[in-house]
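Step one of this worksheet: look at the structure below.
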Amino acid sequence: MQVIVESQGFKTDGREAERSLTAQWVSVEGESDAGKSTGMEAMFLAWGPAPFLKAMPAIKACDQIWTTMEIGGSRWRITHNPTSRSVDFERTGTGEAPMRLPLTSRDPERPTASRFLLEQFGIPTLRQGGKVLRIEHIIPFMYVRQASTGATFLGGMKAELRELAVRAMLGLREDAIETARDAHRDLRRELTSARRQLAGFEALRAKFGFSTPEELAHRRHQVEQDLAQARESARKSAKVLGDANKTLQELRDAAKKSHPAADDTDRAATKAEKQLGDALQRLGKAEGRLAQLRSPDPTTCPTCHQRLRTAGLAAHVCPMCKAEDPGRRGQNPAEDERLRTAVKAVEDATKLCDVLRKHAAQAREDATAAHRAVRQAYRDASVFAEATVEPLRLTTVEAEKKVRELTVLAEQLGERTDELIEGITAQQKAVKRLESAVRKAAQALADAQSQARARLDVLLKKWSVLFARRMAAAGTQWRHAHIAQEGFTPVVNGESFDQVSVAGSTLALVELNALVSLRELGQQVAGSSVPGLLVVDAALAGLSDTPADARVRTYLLRLFAQTAAGDGPLSQIVTASQEAIGGHPGARTIALSRHEPYIPGLVLPDTA
């Protein structure tokens, strides 16, 4: 796939600046902090943020960044605002309005910036193990970063994602596998549905208790008889319960009617006790008068209760109230008669109190008995309700419940007899047929996967041969090299990329050769879409002046020059280094410094 970056643009504070990259080899050269890495990452940040890309301060200072590039014969201007959640795509030279696409979408059918870019690169959106291929998984195959080159393969990309991306770029769409997988999945779903329906029919059959049509007919007849008996039992239970409820109501009515009588006896007892109290009060007064009459020599006036004195008045006259004291006067017949009268009054009052006391006691006893009878009446009603009515109610409820259950069962038997017999037979046949179809679909899926693995093995061997040739061309010390099937990891002299303990120029060379040989393989495979663009930050980092490193430097410069001449598998290579390496025919050199950084006219505060 021909991919060439033509220019980059930056907009800051309303001012636009553009950097031209129109060459097959663009060598960006300059001292540290000149913005080389910033420019390299900006090419891909224009497509939207990616987890492994870091927006450096110079990019954060931009309001917009864009990349103008050719992808498969079409020229695009791709613009992204670092603070937005969308990317603008404009096909230049056509007059078409730009398309604004979101970075993400929950709808798998809705276009996004990632899906649109994959479509332009001709890379299918493959899925594997819950992972979905996105453009951020393709960028590591086009961009070797300074932060990870010589340390981690493809920036530390996970093995399963590497496999997914390589298969997609090599055109291994695996349509046959997807078709077989879809067919297998659909058949399994259909089989699950058929088994579920069969289980439902068999559950009803177990509920109805039959295995043959004759047994079903017998079961239906038995249920109808049971239903008739249950209805009769429910009717009898309801009648008995009704009688019991009637008796209970009578008991409660009787208890309620006894309330007024108890209240009457209670009021009569209260009245009798009040009459007794009045009689006792009169008896007390009579006894007081009698005591006064019998007093031999009172010292106080019985009228005003003042002390009696003899001075100034008769001895039997009170000096205060002037009343005569009968107890101090001489006895006479009149006084004797008064005494007899007082004695008789006491005797009459005592007899009356005795009579009233007995009457009050009897009245209170009658009232207590009446209230006791009321409580007993309510207790009898409660005991009858608990011991007789409630069991009858529960029996009636159970009888009605059984009637309802048997009614439903009888209706089901009447409505679903034919459906059950025919349904069970049909579902058993469907399950047997689908089980066979699922086995065949599983075998077809296994065959398709086996064929895909065989195609991949062939391509992997070709990739390994191309990779081994390039390693051998870089130096005789790399005798054995191939691409491992697990994660497509480069293996050199028996050590995989992730197992080599010494990082630096060796691993950088291994990664570059793996990526270039992948593009050579893509040229040989029909329908592949491996991007021809390769951006290498710190291309010659870690190379010393030793003969071995000198051979590596010569090999890499020859590779870059070959691309500049229009030969080889790369459509364009962009390198960034602190060394001056671009002095070759066809190479475009961009010289930078801290005061003339990659983004034209932008000077950050720390470089002013």
Minimum heavy-atom distance [X]-[Y], with the two atoms named:
| X | Y | result |
| --- | --- | --- |
| Gly155 | Ser148 | CA-OG, 3.5 Å |
| Ala165 | Phe141 | CB-CE1, 3.5 Å |
| Glu41 | Leu53 | OE1-C, 4.1 Å |
| Ala17 | Pro600 | CB-O, 3.6 Å |
| Ala561 | His584 | CB-ND1, 4.2 Å |
| Ala481 | Ala468 | O-CB, 3.4 Å |

Can you sort out the partners of [X] under salt bridge (charged side-chain N to carboxylate O under 4.0 Å, His left out), two or more places apart, ordered by chain and number?
| X | value |
| --- | --- |
| Glu70 | none |
| Glu136 | Arg134 |
| Arg588 | none |

Does the side chain of [X] reach to within under 4.5 Å of the side chain of [Y], using non-hydrogen atoms?
| X | Y | answer |
| --- | --- | --- |
| Glu495 | Val491 | no |
| Val492 | Met471 | yes |
| Leu456 | Phe488 | yes |
| Trp76 | Thr67 | no |
| Leu21 | Gln8 | yes |
| Leu512 | Val144 | yes |
| Pro49 | Leu103 | yes |
| Arg100 | Val87 | no |

Counterpart residues, side-chain contact (heavy atoms from CB on, under 4.5 Å), relative to [X] (two or more places apart):
| X | answer |
| --- | --- |
| Ala441 | His184, Leu187 |
| Gln485 | Asp457, Leu460 |
| Arg195 | Leu191, Val431, Glu435 |
| Pro531 | Val3, Phe121, Ile138, Met142, Met169 |

Do Ser74 and Arg91 have side-chain atoms, one donor and one acceptor, less than 3.5 Å apart?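 A donor-acceptor contact under 3.5 Å links the two side chains.
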Short side-chain donor-acceptor distance under 3.5 Å, Thr112 and Ser114: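 The answer is no; no qualifying pair exists.
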So how far is it from [X] [atom1] to [Y] [atom2], rounded to the nearest 0.5 Å?
| X | Y | atom1 | atom2 | answer |
| --- | --- | --- | --- | --- |
| Ile139 | Leu117 | CD1 | CG | 8.0 Å |
| Gln120 | Leu118 | CD | CG | 10.0 Å |
| Leu434 | Arg189 | CG | CZ | 14.0 Å |
| Leu133 | Ile135 | CG | CD1 | 8.0 Å |
| Met69 | Ile78 | CE | CD1 | 5.5 Å |
| Leu459 | Ser528 | CG | OG | 9.5 Å |

With sequence neighbours excluded, tell me which residues meet ring-ring contact (aromatic ring centres under 6.0 Å, His included) with Phe89. Phe116
Those residues that, when tested against Phe467, pass ring-ring contact (aromatic ring centres under 6.0 Å, His included) (two or more places apart): none
Which of parallel (below 30°), tilted (30 to 60°) and perpendicular (above 60°) describes Phe497 and Phe153? tilted
Check this for me: [X], atom [atom1], are more than 12 non-hydrogen atoms of other residues, nucleotides or ligands nearer than 6.0 Å?
| X | atom1 | answer |
| --- | --- | --- |
| Arg77 | CZ | yes |
| Glu596 | CD | no |
| Arg110 | CZ | no |

I'd like to know if the side chain of [X] and the backbone of [Y] have a donor-acceptor N/O pair within less than 3.5 Å.
| X | Y | answer |
| --- | --- | --- |
| His137 | Arg162 | no |
| Asn493 | Gln477 | yes |
| Arg470 | Val516 | no |
| Thr589 | Ser27 | no |
| Arg145 | Met40 | no |
| Ser529 | Met1 | no |
| Glu31 | Arg594 | yes |
| Ser105 | Asp107 | yes |
| Lys36 | Gly30 | yes |

Name every donor-acceptor pair, under 3.5 Å, that has one atom in a side chain of residues 57-66 and the other anywhere in the protein, sequence neighbours excluded.
from  : atom 1 : to    : atom 2 : distance (Å)
Asp63 : OD2    : Asp13 : N      : 3.0

Set out, in order, the CA-CA distance, both residues' side-chain angles and the distance that settles side-chain contact (heavy atoms from CB on, under 4.5 Å) for Leu515 and Leu154, then state yes or no. CA-CA 9 Å; Leu515 294 175; Leu154 296 177; 3.7 Å; yes
Derivation of the side-chain contact (heavy atoms from CB on, under 4.5 Å) call for Ile599 and Arg19: CA-CA 7 Å; Ile599 302 178; Arg19 175 73 68 180; over 6 Å; no
Could you name each residue pair satisfying side chain to side chain donor-acceptor pair (under 3.5 Å) that touches residues 557-583, not counting sequence neighbours?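 Listed once each, the pairs are Trp25-Thr575.
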Quick one: which residue pairs count as a salt bridge (charged side-chain N to carboxylate O under 4.0 Å, His left out) with a foot in residues 2-12, not counting sequence neighbours?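 For residues 2-12: Glu6-Arg75.
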Steps toward side-chain contact (heavy atoms from CB on, under 4.5 Å) verdict (Val535, Phe44): CA-CA 10 Å; Val535 179; Phe44 304 100; 3.8 Å; yes
Report the C-alpha separation of Ile581 and Leu557 in whole Å, then their side-chain angles, then the decisive distance to 0.1 Å, and conclude whether the side-chain contact (heavy atoms from CB on, under 4.5 Å) test is met. CA-CA 8 Å; Ile581 63 174; Leu557 291 176; 3.8 Å; yes
